[in-house]
Amino acid sequence: MGLSEGFWHHEYWLPPGATWEDMKGIHYPQPQDLLLCIPGALLLITVRCIFERTVALPLGRRLGVSDKLRPKVQPNATLEDFYVLLGRTPKEGDLISLAKQSDLPVKKVETWFRHRRAQDRPGLMKKFCEASWRFTFYLTSFFSGLALLYDKPWFWDHTVCWLRFPQQPLLPALGWFYLLELSFYCSLVATLPFDVKRKDFKEQIIHHIATITLIFVSYCANLVRFGMIVMLVHDASDYILELAKMLHYMKWKRVCEAVFIVFAVVFIISRLVLFPLITYYYFVTKFQLFLVSCVINAFLMILQLLHIFWSYLIIQMIFGVILHGAKRKDARSDTEESDRSEAEDLAKNQE
């Protein structure tokens, strides 16, 4: 048995008693179809660039989004070299050394680095453009998925997901939807270094890798019905968050707060109630376990832990900021130490 044949052995990918021979005569997912996610991701990145320049940017300007004026630093080769090569936030000893080398007071050197960091922070317009793109995609994705699934009996009765599995023909529309979702998350991974960086950057990477793995594995194992429901549950709250961000950058305080509360409710219900119910009750307790299903369970658990982590931050923000007016820093803030948290900013609508 070759390496390829061993990797695709039916005992790994299909439930006990099922073989690939049972799939003959059925149009089921082909792993090579997912290679289209590479040009798909490149296409989405291109569409995003065009969208941000021709739609989001003019829209932001019309809605009053503007970047703050930031003080420009005086050119200083010594300080710039340290900033680029050794670090954006020098320690006290470094500040004293740099002050001597530059023949400047320590306070001025410290101010120079603070202003230099401010120059590198993304402006409101960049954040607005990114949020507009994600809002557009998530909104389209969620309602397109809803339109595809609302008339499917297995969408309303999840036990039907496993009826005659794995001998379930792949509907072309569901295959294209899967490919679109995979392409989008691949594009997110590709653009992470260039997008606004949050303090949960590592959690974002883990989330994207887990999502891409789940999409790939569930498609190859013909768990498309189950995968569609999981993706729809995840998409239910994402576009609301992006809308709240856009409203925040527009400084529509009251509307922003209302939309964020709606997001919090939808997020917690979909991620902490519906997701575990669908995942662990119908998938784990009603389905025969095999190698791929165990892999899927592990990555679903990773997602659930991230959901709990983000839900904690959301609840902490709501009780700490909206109800009590407390000023605290949220873990989803930008990496720059002087920026307030995005969750807190969404609630207080201040920059």
Side-chain angles (χ1 to χ4, degrees), residues 34-53 55-57 60 67 84 87-89 117-142 178-217 231 234-235 237-246 248-249 263 267 271 299-300 302-307 309-310 313-314 330-337 339-343 345-346:
L34 298 180
L35 292 176
L36 291 172
C37 75
I38 299 175
L42 295 175
L43 178 61
L44 283 177
I45 293 173
T46 303
V47 171
R48 171 184 170 174
C49 292
I50 296 172
F51 174 86
E52 289 186 357
R53 290 186 179 184
V55 178
L57 187 60
D67 293 328
V84 173
R88 294 155 48 102
T89 310
R117 290 193 298 271
Q119 285 187 1
D120 282 351
R121 290 203 304 272
L124 284 184
M125 185 60 77
K126 177 176 174 59
K127 295 178 182 180
F128 179 85
C129 290
E130 287 187 12
S132 298
W133 164 248
R134 290 193 295 265
F135 167 76
T136 302
F137 181 87
Y138 288 137
L139 181 72
T140 304
S141 173
F142 175 69
Y178 243 73
L179 182 61
L180 177 65
E181 289 281 328
L182 180 59
S183 300
F184 177 70
Y185 280 102
C186 287
S187 73
L188 288 184
V189 172
T191 58
L192 266 177
F194 313 102
D195 291 340
V196 177
K197 192 174 182 181
R198 307 294 172 189
K199 277 195 174 180
D200 67 341
F201 182 74
K202 294 179 181 179
E203 288 82 4
Q204 289 184 44
I205 293 177
I206 294 171
H207 175 272
H208 296 339
I209 291 175
T211 301
I212 289 171
T213 302
L214 285 169
I215 292 174
F216 173 82
V217 173
M231 285 191 287
H234 278 77
D235 288 344
S237 61
D238 288 338
Y239 70 93
I240 306 176
L241 174 62
E242 300 305 329
L243 176 59
K245 291 180 183 179
M246 293 169 62
H248 160 62
Y249 304 140
F263 156 73
F267 183 92
R271 306 293 181 93
F299 280 94
L300 290 174
I302 291 173
L303 288 184
Q304 186 59 51
L305 291 175
L306 290 173
H307 297 162
F309 168 72
W310 282 320
L313 297 181
I314 292 170
D330 173 63
R332 295 215 66 185
S333 60
D334 294 347
T335 54
E336 174 56 36
E337 70 277 10
D339 280 357
R340 287 190 295 277
S341 72
E342 187 149 292
D345 282 346
L346 285 169

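None of these values were measured; they are calculated from a predicted model. The figures that follow rest on heavy atoms only: side chains count, while hydrogens, waters and symmetry mates do not.
- Taking CG of L43 as the reference point, atom CZ of F184 lies at 13.0 Å (rounded to 0.5 Å).
- Taking each heavy atom of P193 and A190 in turn, the nearest pair found is CD-O, 3.6 Å.
- The shortest non-hydrogen separation linking A131 to Y249 is CB-CE1, 4.3 Å.
- In this structure, H307 and H234 have tilted ring planes: the angle between them lies in the 30° to 60° band.
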| Stepwise side-chain contact (heavy atoms from CB on, under 4.5 Å) check, S132 with E52 | CA-CA 8 Å; S132 298; E52 289 186 357; over 6 Å; no
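- Look at K245 and E242 and you find a salt bridge, because one of the NZ, NE, NH1 or NH2 atoms lies within 4.0 Å of a carboxylate O, short of that distance.
- Using a 4.5 Å heavy-atom cutoff, the side chains of I38 and C186 are not in contact.
- Only one option out of F263, F142, Y138, W133 pairs with Y239 in a ring-ring contact (aromatic ring centres under 6.0 Å, His included); it is F142.
- Classification of the Y185-H207 ring pair by plane angle, with boundaries at 30° and 60°, yields tilted.
- Checked by atom type and distance alone, the side chain of E130 pairs as donor or acceptor with a backbone atom of V196 at under 3.5 Å.
- For the atom pair NE2 (H208) and CD1 (I205), the distance works out to 8.0 Å, reported to the nearest 0.5 Å.
- Annotation: the span from L188 atom CG to I45 atom CD1 amounts to 9.0 Å, rounded to 0.5 Å.
- A donor-acceptor contact shorter than 3.5 Å links the side chain of T191 to the backbone of S187.
- Here F51 contributes atom CZ and L57 contributes atom CG; the two are 11.0 Å apart, rounded to the nearest 0.5 Å.
- Residue I209 holds its CD1 atom at 12.0 Å from CG of L214, rounded to the nearest 0.5 Å.
- When every heavy atom of I215 is checked against every heavy atom of Y178, the shortest pair comes out as O-CE2, 3.4 Å.
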| field | F137 vs V47, side-chain contact (heavy atoms from CB on, under 4.5 Å): CA-CA, chis, key distance, verdict | value | CA-CA 11 Å; F137 181 87; V47 171; over 6 Å; no
| request: Apply side-chain contact (heavy atoms from CB on, under 4.5 Å) to the pair L192 and F201, showing each step before the final yes or no. | output: CA-CA 9 Å; L192 266 177; F201 182 74; 4.0 Å; yes
| query | Do L241 and F267 pass the side-chain contact (heavy atoms from CB on, under 4.5 Å) test, and can you show the C-alpha distance, the side-chain angles, and the key distance before you say yes or no? | reply | CA-CA 9 Å; L241 174 62; F267 183 92; over 6 Å; no
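- Of all non-hydrogen atoms in L179 and C37, the two that sit nearest each other are CD1-N, 3.5 Å.
- Across every non-hydrogen atom of S237 and R271, the tightest pair is OG-NH2, 3.6 Å.
- Separation of atoms CG (L313) and CD (E203) is listed at 8.5 Å; rounding is to 0.5 Å.
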